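Notes follow once the structure below has been shown.
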2 protein chains.
Amino acid sequence: MELLFDNIRRYVSLTEEDQNIISSYWTIKQLNRGEHLLSAGSVCRYDAFVLEGSLKGYIIDAATGKEEIVLLAVADWWAADLDSFHNQHASSLNISAITPATVALITRAAFNELLEKLPKLEKYFRLILQSHATALLRRIYYRNAHDARSRYKTFLQQYPSLQAQIPQYLIASYLGISAEMLSKIRAQKDL
Amino acid sequence: MELLFDNIRRYVSLTEEDQNIISSYWTIKQLNRGEHLLSAGSVCRYDAFVLEGSLKGYIIDAATGKEEIVLLAVADWWAADLDSFHNQHASSLNISAITPATVALITRAAFNELLEKLPKLEKYFRLILQSHATALLRRIYYRNAHDARSRYKTFLQQYPSLQAQIPQYLIASYLGISAEMLSKIRAQKDL
DNA sequence: TAAAAAAATTGAACTGGTTCAAGAAATGAT
DNA sequence: ATCATTTCTTGAACCAGTTCAATTTTTTTA
């Protein structure tokens, strides 16, 4: 849980007392490799903060059956279908563990209660959503304006640690590249 | 300003008094066609809420000089580089008026003051950022998983009103399609 | 309302990236 | 340790969408 406190403290200050309150609203869960946190068709019951390991969020294409990676999450990142979580309707997203993982989970009811008890967390969640939205807009820009090789290079620079934690073919899908193409890009010497 | 109040009231309740406070923090501005609200290289001074007309947010590619549309905004939408606005560093984004437009502007200093005065707005901004992030993630998914024709069809369904307000070649860029391709897609009878 | 500018169309040549297929390498489970 | 599964690689054929170029249509401005 220290990881979560540190994350929050980057945006708002926390007293010892605050930390105890926060702790009480969360559950720690271990996920096996491949285990699902969210399955398409069901409501997203938890907002998850990753403590260890890596998760993927993906959508199965109705026509082709292919999985499209829309999000990747490692330690210190959030993973959830926010829309489904907050509005309690069926999600079209799957979230599962790529490697064995440890996550801190909070339900929507607990989330709302926690925000009432500690209103300063409104600001924290507003600020992380803001940087999240900024990151998503940058992803869109790179997807539209740059070729596959350049997108991969930028990805490596921006998230150097992910390369070791996430299989290549998932990174390819996340970047909107075929697994074969990414392999060929990596084979180029002048990367 | 009624448009902004209505927008806020979709998420939190507002008293007459609240509305007066809010009003005092905003400035109304008219933009001519083509006029810039933000230019790449400068800090984003305002968070803008569009009252009338339409705006585009774009990045000029350093190599090719081509403009890539990353956001479109019409009445009832927000337009800003949030990262630059809140962290006060140079933006790489341009925002300008596609048509003559009316916008409500707030500076960062005023924004922070307003939130201190009316903490309930923390929740409002958290919630709109949340739906914004959801919309951005959906854009990424469609961009990666669907061909140009299908992306355009989905765009028309999701934002039927934009077709009349935004030139086709800007919609094309927004969707990651060349202007020529979109024209050919539209020429297909069975759209 | 005429001239100028902006936006949309169409066709032809081209290309970045996909798909398919088959094998090699790495990793996980028992 | 060994077998099974997952991940990565490589090549060949193909194609969705781009680029370039020229023209028409629509919109804006004076």
Side-chain angles (χ1 to χ4, degrees), chain A residues 30-35 53-54 56 58 61 63-69 72 96-101 142-156 162-191, chain B residues 31-35 53-56 58 61 63-69 72 96-101 142-156 162-191:
Chain A
Q30 305 288 338
L31 296 173
N32 297 322
R33 179 180 141 87
E35 190 175 349
S54 51
K56 63 181 177 184
Y58 61 98
D61 185 276
T64 65
K66 267 191 60 184
E67 104 178 9
E68 287 289 335
I69 302 297
L72 294 172
S96 69
I98 298 174
T99 62
Y142 277 108
R143 180 65 177 92
N144 285 346
H146 297 285
D147 66 13
R149 183 159 165 282
S150 146
R151 298 205 299 280
Y152 180 60
K153 277 176 73 170
T154 304
F155 174 86
L156 289 183
L162 292 207
Q163 200 185 5
Q165 301 179 69
I166 315 268
Q168 232 184 92
Y169 75 105
L170 295 178
I171 293 175
S173 174
Y174 175 86
L175 294 174
I177 308 174
S178 68
E180 294 90 338
M181 188 67 210
L182 183 53
S183 172
K184 283 162 191 164
I185 288 168
R186 282 167 49 87
Q188 297 169 202
K189 294 203 190 66
D190 59 332
L191 200 76
Chain B
L31 296 173
N32 297 322
R33 178 180 144 87
E35 191 175 348
S54 52
L55 309 189
K56 63 180 177 184
Y58 61 98
D61 185 275
T64 66
K66 267 191 60 183
E67 102 177 10
E68 287 289 334
I69 301 297
L72 294 172
S96 69
I98 299 175
T99 61
Y142 277 109
R143 180 64 178 92
N144 285 347
H146 297 285
D147 66 12
R149 182 159 164 281
S150 147
R151 297 205 300 280
Y152 180 59
K153 278 175 73 170
T154 305
F155 174 85
L156 289 183
L162 292 208
Q163 199 185 6
Q165 298 179 71
I166 314 269
Q168 231 184 93
Y169 75 105
L170 295 179
I171 293 176
S173 174
Y174 175 85
L175 294 172
I177 307 175
S178 69
E180 294 90 337
M181 188 65 212
L182 184 52
S183 171
K184 282 162 191 164
I185 287 168
R186 282 166 50 87
Q188 295 170 203
K189 294 204 190 65
D190 60 332
L191 201 78

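Here is how names work: the chains are called A, B, and so on, in the same order as the sequence lines, proteins then strands, and each is numbered from 1. Source: prediction; values computed, not measured.
Chain A approaches DNA chain D over the interval dT6(D) to dA12(D), counting the first and last nucleotide 5' to 3' with an atom under 4.0 Å from its heavy atoms.
For the residue pair Ile166(B) and Ser54(B), the shortest heavy atom distance occurs at CD1-CB, 3.9 Å.
In this entry the distance linking CD of Gln165(A) with C1' of dT27(C) reads 17 Å, nearest Å. In this entry the distance linking CZ of Arg33(A) with P of dT27(C) reads 11 Å, nearest Å. When the P atom of dA8(C) is taken as reference, atom CE of Met181(B) falls 16 Å away, rounded to whole Å. With rounding to whole Å, Lys184(B) atom NZ is found 10 Å from dA12(C) atom P. If you take CZ of Arg149(A) and C1' of dT18(C), they are 19 Å apart, rounded to a whole angstrom. Tyr169(B) places its OH atom 8 Å from the P atom of dA6(C), with the value rounded to the nearest Å. Atoms CD1 (Ile166(B)) and C1' (dA7(C)) sit 14 Å apart, rounded to a whole Å.
Annotation: the span from Leu175(B) atom CG to Tyr142(B) atom OH amounts to 12.0 Å, rounded to 0.5 Å. Interatomic distance, Arg149(A) CZ to Ile177(A) CD1, rounded to the nearest 0.5 Å: 11.5 Å. Remark: Leu182(A) CG to Tyr174(A) OH distance equals 14.0 Å, nearest 0.5 Å. Between the CD atom in Gln168(B) and the CD1 atom in Ile171(B) there is a gap of 7.0 Å [rounded to 0.5 Å].
For Ser178(A) and dT18(C), the shortest distance from a side-chain N or O to OP1 or OP2 is below 4.0 Å. The phosphate of dA26(C) (OP1 or OP2) has no side-chain N or O of Gln168(A) nearer than 4.0 angstrom.
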Run Leu162(B) and Phe155(B) through side chain to side chain contact (heavy atoms under 4.5 Å, CB included) and show every step you take.
CA-CA 9 Å; Leu162(B) 292 208; Phe155(B) 174 85; 4.0 Å; yes
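The only member of Glu67(B), Glu68(B), Lys66(B) that meets side chain to side chain contact (heavy atoms under 4.5 Å, CB included) when paired with Thr64(B) is Lys66(B).
The residue among Asp147(A) and Ala187(B) whose nearest nucleotide of DNA chain C is located toward the 5' end is Ala187(B).
Closest to the side chain of Glu180(B), from the set dT10(C), dA8(C), dT19(C), is dT10(C).
Here Leu182(B) lies out of heavy-atom contact (under 4.0 Å) with every strand.
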